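Notes for the one structure printed next.
Hydrogens, waters and symmetry mates are skipped; everything else that's a heavy atom, side chains included, is used. As the structure is a computational prediction, the values presented were derived from the model and not from experiment.
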Amino acid sequence: MPITEWGWEVTEAELRSWIIQDDNDIILINKPALVVCHPSKRGPWSSLVGACRECLGYDRTHLIARLDRETSGIILLAKHRLAARHFQMALERRAVAKSYLAILEGSLTEAREVDAAIGKDPDSIIHCKSAVRTNGKKQAAQTRFKPIHSASDYTLAQVEPLTGRKHQIRVHSQHIGHSIVGDKLYGPDETFFLDFIESGWTEKLAGTLLMNRQALHAFKMTFDLESGPRSFSAPPTEDFVQFCENHLNLPKSDLLKLISSS
């Protein structure tokens with residue numbers, strides 16, 4: 001697969017292998033990390049939405065659930081305006097439950113619910129960075145963390161954002177002292193983010209971060225629609241599974257059992 005500094009160029013075979021569900025209303029995709037959702041100037045095959053339009057012929061797909069470039073998991077596209085409207089209304093009513101899988105630094109020994117407002121980080125040289133704020137401009141934010149499995153000073157956790165703030169899970173993970181593995185911005189040193197922008201993925205970053213992206217995966221979503229609830233799920237991607245096998249002594253079969261019962 002052709003990989004660029006900011007992601008990869010999607011091929012038709014890859015795109016079709018990522019599709020979990022394709023019905024009259026929606027396309028459900030299990031997005032790998034490093035794939036950009038929105039169309040860019042680098043051509044249609046450089047983004048998931050662009051590739052769907054080119055490959056599947058759906059010119060009017062509506063992106064309902066999007067993810068950061070480095071986050072894997074559920075991408076939901078509505079195939080017509082009516083479906084898009086129903087899902088968007090659920091989002092506006094906050095009638096959507098989201099569940100993520102995250103690999104955290106350190107051992108999280110008990111479930112935690114973080115209630116800490118988020119705003120722009122006033123102490124960071126990086127414009128896009130957020131932080132927990134007790135004063136100034138901020139927005140209320142709540143996140144639930146539930147440990148599933150711990151080993152070798154890492155924790156596999158189920159994470160439920162109860163609000164939808166920018167970088168919320170990553171900010172709250174850092175706030176409780178358990179940053180997400182591979183996080184260049186909210187991990188051990190924010191200058192890693194600048195290094196990556198300047199030089200891409202290097203041996204220095206690989207030796208410190210262990211993963212070339214933040215270990216965050218959108219696992220489940222349930223929309224409370226007017227016609228009734230609709231749930232979607234996407235299994236963890238291969239790089240996520242490999243980290244669990246290599247660093248948490250958690251074979252894929254055991255991993256899937258744990259997350260299915262969580």
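Here OG1 of T191 is found 7.5 Å from CD1 of I125. Values are rounded to the nearest 0.5 Å. Atom CD of Q242 is separated from atom NE2 of H247 by 10.0 Å, given to the nearest 0.5 angstrom. Interatomic distance, L210 CG to I103 CD1, rounded to the nearest 0.5 Å: 10.0 Å. Expressed to the nearest 0.5 Å, how far OG of S179 lies from CG of L104 amounts to 8.5 Å. From I169, atom CD1 reaches atom CG of D183 across 11.0 Å, with rounding to the nearest 0.5 Å. A distance of 8.5 Å separates CD1 in I29 from CH2 in W18, rounded to the nearest 0.5 Å.
Listed for the T71 side chain is no donor-acceptor partner under 3.5 Å among the backbone atoms of L67. A distance-only check finds a donor-acceptor pair linking the side chain of R165 to the backbone of A140 [under 3.5 Å]. Without hydrogens or angle criteria, R94 side chain to A97 main chain gives no donor-acceptor distance under 3.5 Å. Within the 3.5 Å criterion, the main-chain N or O of L258 finds a donor-acceptor partner in the side chain of S261. Put simply, the side chain of T208 never gets that close to the backbone of L205: no donor and acceptor are under 3.5 Å apart. D68 places no side-chain N or O within donor-acceptor distance of the main-chain N or O of E70, the cut-off being under 3.5 Å. Side-chain atoms of K146 do not come within 3.5 Å of backbone N or O of A157 as any donor-acceptor pair. Formation of a donor-acceptor pair under 3.5 Å by the K31 side chain with backbone atoms of R69 is found in this model. A donor-acceptor pair under 3.5 Å is formed between the side chain of N30 and the backbone N or O of P235. A distance-only check finds a donor-acceptor pair linking the side chain of K166 to the backbone of C128 [under 3.5 Å].
Within 6.0 Å of the CG atom in N249, the count of heavy atoms belonging to other residues, nucleotides or ligands does not exceed 12. Within a 6.0 Å radius of NZ in K138, other residues, nucleotides and ligands contribute more than 12 heavy atoms. R93 CZ: more than 12 foreign heavy atoms inside a 6.0 Å radius.
Contact check for L185 versus I126: side-chain heavy atoms found under the 4.5 Å cut-off. You'll find the side chain of P229 stays beyond 4.5 Å of the side chain of L225, heavy atoms only. Two residues are said to be in side-chain contact when any heavy atoms from C-beta on lie closer than 4.5 Å; V36 and L48 fail this criterion. With a 4.5 Å cut-off on side-chain heavy atoms, L28 and D22 do not count as touching. Counting heavy atoms from C-beta outward, R144 and R112 have side chains that stay 4.5 Å or more apart. Proximity of E190 to S124: side-chain heavy atoms (C-beta onward) are separated by under 4.5 Å at one or more points. Looking at H86 and E226, their side chains come closer than 4.5 Å, going by heavy atoms from C-beta outward. The side-chain heavy atoms of F232 and K220, taken from C-beta on, include no pair separated by under 4.5 Å.
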Could you walk me through whether T202 and D195 pass the side-chain contact (heavy atoms from CB on, under 4.5 Å) check?
CA-CA 9 Å; T202 62; D195 291 344; 6.0 Å; no
Step by step, would you call S99 with E160 a side chain to side chain donor-acceptor pair (under 3.5 Å)?
CA-CA 5 Å; S99 180; E160 297 177 353; 4.7 Å; no
Go through the steps for K184 and L209 under the test side-chain contact (heavy atoms from CB on, under 4.5 Å), then give the verdict.
CA-CA 8 Å; K184 303 173 187 69; L209 296 177; 3.7 Å; yes
How far apart are the C-alpha atoms of Y100 and F219, what are their side-chain angles, what is the distance that settles it, and do they pass the ring-ring contact (aromatic ring centres under 6.0 Å, His included) test?
CA-CA 5 Å; Y100 289 75; F219 179 51; 10.0 Å; no
Could you go step by step and tell me if R230 and D23 meet the salt bridge (charged side-chain N to carboxylate O under 4.0 Å, His left out) rule?
CA-CA 13 Å; R230 287 201 67 178; D23 61 29; 3.2 Å; yes
For the pair L34 and R213, evaluate side-chain contact (heavy atoms from CB on, under 4.5 Å) and give the outcome as yes or no after the intermediate values.
CA-CA 8 Å; L34 310 183; R213 56 96 163 200; 4.2 Å; yes
One pair to check against side-chain contact (heavy atoms from CB on, under 4.5 Å): F87 and V96. What are the steps and the verdict?
CA-CA 9 Å; F87 285 108; V96 183; over 6 Å; no
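Considering only residues two or more places apart in sequence or on other chains, H167 meets the ring-ring contact (aromatic ring centres under 6.0 Å, His included) condition with Y186. Remark: R16 pairs with E12 by the salt bridge (Lys or Arg N to Asp or Glu O under 4.0 Å) rule, at least two apart or across chains.
The two residues Q88 and L63 come nearest to each other via the heavy atoms NE2-O, 4.0 Å. The two residues H149 and A151 come nearest to each other via the heavy atoms NE2-CB, 4.0 Å. Contact between S233 and I74 at its shortest, heavy atoms only, is CA-CD1, 3.9 Å. Of all non-hydrogen atoms in V132 and A116, the two that sit nearest each other are CG1-CB, 3.8 Å. Of all heavy-atom pairs between A141 and T163, the closest is CA-OG1, 3.1 Å. The two residues M221 and K98 have their closest heavy-atom pair at CE-CE, 3.8 Å.
Neither L162 nor V114 shares a network with the other; the hydrophobic side chains, linked directly or stepwise wherever heavy atoms of I, L, V, M, F, W or Y lie under 4.5 Å apart, form separate groups for each. Cluster annotation: L248 is connected to V181 through the hydrophobic network of ILVMFWY side chains, with a link wherever side-chain heavy atoms come within less than 4.5 Å. L108 and L101 are not part of a single hydrophobic cluster, where members link through side-chain heavy atoms under 4.5 Å apart. Taking hydrophobic clusters as Ile, Leu, Val, Met, Phe, Trp and Tyr residues chained together by side-chain heavy-atom distances below 4.5 Å, I180 does not share a cluster with F240. The same ILVMFWY cluster, assembled from side-chain heavy atoms under 4.5 Å apart, contains both L91 and L76.
Checked by atom type, the side-chain pair T11/E14 shows a donor-acceptor distance below 3.5 Å. Checking T155 against S150 by side-chain atom types alone, a donor-acceptor pair falls below 3.5 Å. A side-chain donor from one of H217 and S72 sits under 3.5 Å from a side-chain acceptor of the other. Neither side chain, T143 nor E113, offers a donor N or O lying under 3.5 Å from an acceptor on the other.
Electrostatic pairing of K79 and D25 does not count as a salt bridge here, judged by no charged N lying under 4.0 Å from a carboxylate O.
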